[in-house]
Structure formats: C-alpha cells, structure tokens
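Have a look at the structure below, then the notes.
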Amino acid sequence: MSSSTVSLYLDPQIRDWVLFPITLVMILVGILRHYVVILLQSSPEKQTREAIREQRALIRSQILRATSSNSPAPPQFYISISRHLSQAFAAGTYLKDGPPKGDAPPTPPNPMDPAAMDGMMAGMKTQMVMMVPQMVIMGWINFFFQGFVLIKLPFPLTLGFKSMLQRGIETPDMDVRWVSSLSWYFLNFFGLNGLYRLILGGDNSADSSRDMTASPFAGNAQPGAPQDFNKLFKAERDNLEFSEGLYTWIGTGVEERVLRNYGKLPPA
C-alpha cells in the first residue's frame, strides 16, 4: 500500500491581501499610538525648590553608596559626607515640609495630591491608548481572517511550537512551520519592537514591552504617585551606615600600581 505526501502551496493573493495588510496595519498603528501618547502627555508642573532639594538629597546619598567600593573620595571626605547625610536624614533637614516639630511625626504624603492624581490619570490614558488598538486589531483579524494560513517559516521547528504558530487552526497533521493569521498577529506584536526602536528611538510608546509594565493596576508605583521621603530617608540612613563598612579608596596603593605599570617595580 503506497502512501503519498501532500504538499501545501499558498495562494499569492493571501500574501498580498492578508499577510502584508496585517503587518502594515500593525506597524502603522504602533507608530500612530506612539504619537497619540505624546499628544496626551501634559507638561510637567514646576516643582518647588524644597521638593527638588528633597529628591536631590536622596539621589546624592544613593550615588555615594554606589561608589563606596573603589570610591574616588578620600576617606576623610567620604566619612564626612556620609555622616553629614545621615544626621540630616535623621533630623529631617531635607524634608520639603521641614523637620518635625517636637515629638509630632512628620506629615505623611497626601494621596489625593493634585499632582499625583494628574500623574495617575495620565498613566491610565496612556494605558488605554496602548490596549484598545491591540484589542481592535485582534478582533479585526478574528472576524475577517480566521482560519487563514499565511506563511511557512524557512527553518525546521519542533512540535512544541505548533500551539504557538497555529492558533485558531485545529489541524494536527499540518507541518509546524505553517503560521496562522492569529499567530502572525502575536509574532508581530512581540517582534516589531526592534523596528519601532529603529524608527521611533529607544524610548517609544509603540514597544509592546511597555504594555506589560505600564498597567495602572500593577503593584509597582506609578509616575506621579506620592512618596514618603521620611521613610526613604530613614532607610537610606541605614544603608549609608552599612556602606561605610564596605568603603575602599581607589587611591590606596596607587604609587605602587603606577610604578608596576611602567615596569619600575616587579609584578605583584
């Protein structure tokens, strides 16, 4: 009993009227989404001098800790700066509302701060601009092109890729290299990020990775959310004390290293 192998061939019209349109629409929608997000972004409000000083003090301490190993600052300067910051953090010197008076605890950040609310609303609008077009495109593909086979990949794959490349087509005997229309949508959704970075730059709103991290309901803090700098300063004070034990000066033994580099001393 002889068996024959069935070969599949794609109609060129599928390439011209399904494959290319889906790819082109996803590229154009991603670029359009990027510029819509730019239009929705409001100009940042001008911060007060006290608020800027509060943020810069924390950044200064973090930079000091990050350079504690092989620090360019001599020991006396490093210890002096570290102790000064620790005392200022303990006393609340850099708090924008000033140090607490007496035994009264510092005022916690207002969760209904207008600036914070504006930041949350801007994040939600941005997320809607990112989510809605993808839902519309997926519905468009499911309605008009459901069950289409669009392309055959030119390299072999294992059967583990079958469920990923042939979504919406229940054909267990089909070669795993064939790609369905719905799977082509997901491949473009995650595969066009490099093209978006080439056209729009690295920090763009068309990148699908932003869709995974920009949700307004995620547990991470969103831009514009109020921060309790009093707690941050207390934690930073402990980190500074810990970093002092790890401090090393980059200038230690520099004379011997220079002489060995120029062959004036034998290698260590």
Apart from Leu24 itself, residues in the same hydrophobic cluster as defined by side-chain heavy atoms under 4.5 Å:
Leu28
Test log, rule side chain to side chain contact (heavy atoms under 4.5 Å, CB included), inputs Val176 and Thr158
CA-CA 7 Å; Val176 69; Thr158 62; over 6 Å; no
Please write out which residues are connected to Leu39 in a hydrophobic cluster, directly or through intermediates, given that two of Ile, Leu, Val, Met, Phe, Trp, Tyr count as joined at side-chain heavy-atom separations below 4.5 angstrom.
none
With sequence neighbours left out, the residues meeting salt bridge (charged side-chain N to carboxylate O under 4.0 Å, His left out) with Glu241 are Arg237
Ser68 (side chain) donor-acceptor with Arg65 (main chain) under 3.5 angstrom
yes
Heavy-atom closest pair (Ser163 atom, Gly160 atom, distance to 0.1 Å) is OG-O, 4.0 Å
If I take atom CD1 from residue Ile137 and atom CD1 from residue Ile22, how far apart are they, to the nearest 0.5 angstrom?
10.0 Å
Once side-chain contact (heavy atoms from CB on, under 4.5 Å) is applied, do any residues pair with Leu153, and if so which ones, sequence neighbours excluded?
Phe155, Leu157, Leu165, Arg177, Val179
Worked verdict on Val149 versus Met174 for side chain to side chain contact (heavy atoms under 4.5 Å, CB included)
CA-CA 11 Å; Val149 177; Met174 183 181 292; 4.1 Å; yes
Other cluster members, Ile63 - Ile/Leu/Val/Met/Phe/Trp/Tyr, side-chain contacts below 4.5 Å:
Ile59
Treat each ILVMFWY residue as a node, draw an edge where side-chain heavy atoms are under 4.5 Å apart, and state whether Leu187 and Leu195 are in one component.
yes
Does one hydrophobic cluster hold both Phe143 and Val25, with members joined at side-chain heavy-atom distances below 4.5 Å?
yes
Could you check if a side-chain atom of Leu246 sits within less than 4.5 angstrom of a side-chain atom of Ser69, using non-hydrogen atoms only?
no
Would the Trp184 and Phe148 ring centres measure less than 6.0 Å apart?
no
Residues forming a side-chain hydrogen bond (donor to acceptor under 3.5 Å, both in side chains) with Ser71, sequence neighbours excluded:
none
Checking side chain to side chain contact (heavy atoms under 4.5 Å, CB included) for the pair Leu95/Glu50: CA distance, chi angles, key distance, verdict?
CA-CA 7 Å; Leu95 293 174; Glu50 290 76 14; over 6 Å; no
According to ring pair (Phe, Tyr, Trp, His ring centres under 6.0 Å), who are the partners of Tyr247, at least two apart in sequence or on a separate chain?
Tyr78
Nearest 0.5 Å, what's the CD-CG distance between Gln87 and Leu240?
11.5 Å
Under the salt bridge (charged side-chain N to carboxylate O under 4.0 Å, His left out) test, which residues partner Arg83, sequence neighbours left out?
Glu244
Would you say CH2 of Trp17 has more than 12 non-hydrogen atoms from neighbouring residues, nucleotides or ligands within 6.0 angstrom?
no
ILVMFWY clustering at 4.5 Å (side-chain atoms), partners of Val254
Val258, Tyr262
Above 12 or not: heavy atoms from other molecules or residues under 6.0 Å from CD of Gln76?
yes
Any residue meeting side-chain hydrogen bond (donor to acceptor under 3.5 Å, both in side chains) with Ser180, in chain and number order, not counting sequence neighbours
Ser183
Rounded to the nearest 0.5 Å, how far apart are CE of Met26 and CD of Gln134?
5.0 Å
Give the minimum heavy-atom separation between Ser181 and Gly147, together with the two atoms involved.
OG-N, 4.3 Å
Arg167 NZ/CZ over Phe186 ring centroid, <6.0 Å and within 45° of normal
yes
Would you indicate whether the side-chain heavy atoms of Ile141 and Gln146 approach each other to under 4.5 Å?
no
Answer yes if Val18 and Met138 sit in the same cluster of Ile, Leu, Val, Met, Phe, Trp and Tyr residues linked by side chain heavy atoms under 4.5 Å apart, and no otherwise.
yes
Indicate the atoms forming the closest heavy-atom contact of Arg260 with Leu265, along with that distance.
CG-CB, 3.7 Å
Can you name the side-chain hydrogen bond (donor to acceptor under 3.5 Å, both in side chains) partners of Gln166, sequence neighbours left out?
Lys162
Spacing of OH belonging to Tyr185 relative to CG belonging to Leu182, to within rounding of 0.5 Å
8.5 Å
Mind checking whether Lys234 and Asn230 have side chains closer than 4.5 Å, heavy atoms only?
yes
Flag the pair Phe145 / Trp140 as yes when at least one side-chain heavy-atom distance between them is below 4.5 Å, and no otherwise.
yes
Are His34 and Tyr196 packed together at the side-chain level, in the sense that at least one heavy-atom pair is separated by less than 4.5 angstrom?
no
For Thr252, does its backbone N or O pair with a side-chain atom of Arg257 as donor and acceptor, under 3.5 Å?
yes
Under a 3.5 Å distance rule, please check whether Glu54 uses its side chain to pair with a backbone N or O of Lys96 as donor and acceptor.
yes
Ignoring hydrogens, what is the shortest heavy-atom contact between Ile151 and Leu19? Give both atom names and the distance.
CD1-CD2, 4.4 Å
Gap between atom CZ of Arg33 and atom OG1 of Thr126 - 0.5 Å precision:
11.0 Å
Hey, any chance Ile79 and Ile250 share a hydrophobic cluster, counting ILVMFWY side chains that come within less than 4.5 Å of each other, even indirectly?
yes
Nearest-0.5 Å distance that lies between atom CE in Met131 and atom CE in Met124
10.5 Å
Might you point out which heavy atoms bring Asn193 and Phe190 nearest each other, and give the distance in Å?
ND2-O, 3.3 Å
Check whether any side-chain heavy atom of Tyr94 lies under 4.5 Å from a side-chain heavy atom of Leu85, and answer yes or no.
yes
Residues passing the ring pair (Phe, Tyr, Trp, His ring centres under 6.0 Å) test with Phe89, sequence neighbours excluded, are Phe233
Grouping I, L, V, M, F, W and Y whenever their side-chain heavy atoms are under 4.5 Å apart, do Trp249 and Phe77 come out in a common cluster?
no
Met128 to Pro133 - nearest heavy-atom pair and separation:
O-CD, 4.0 Å
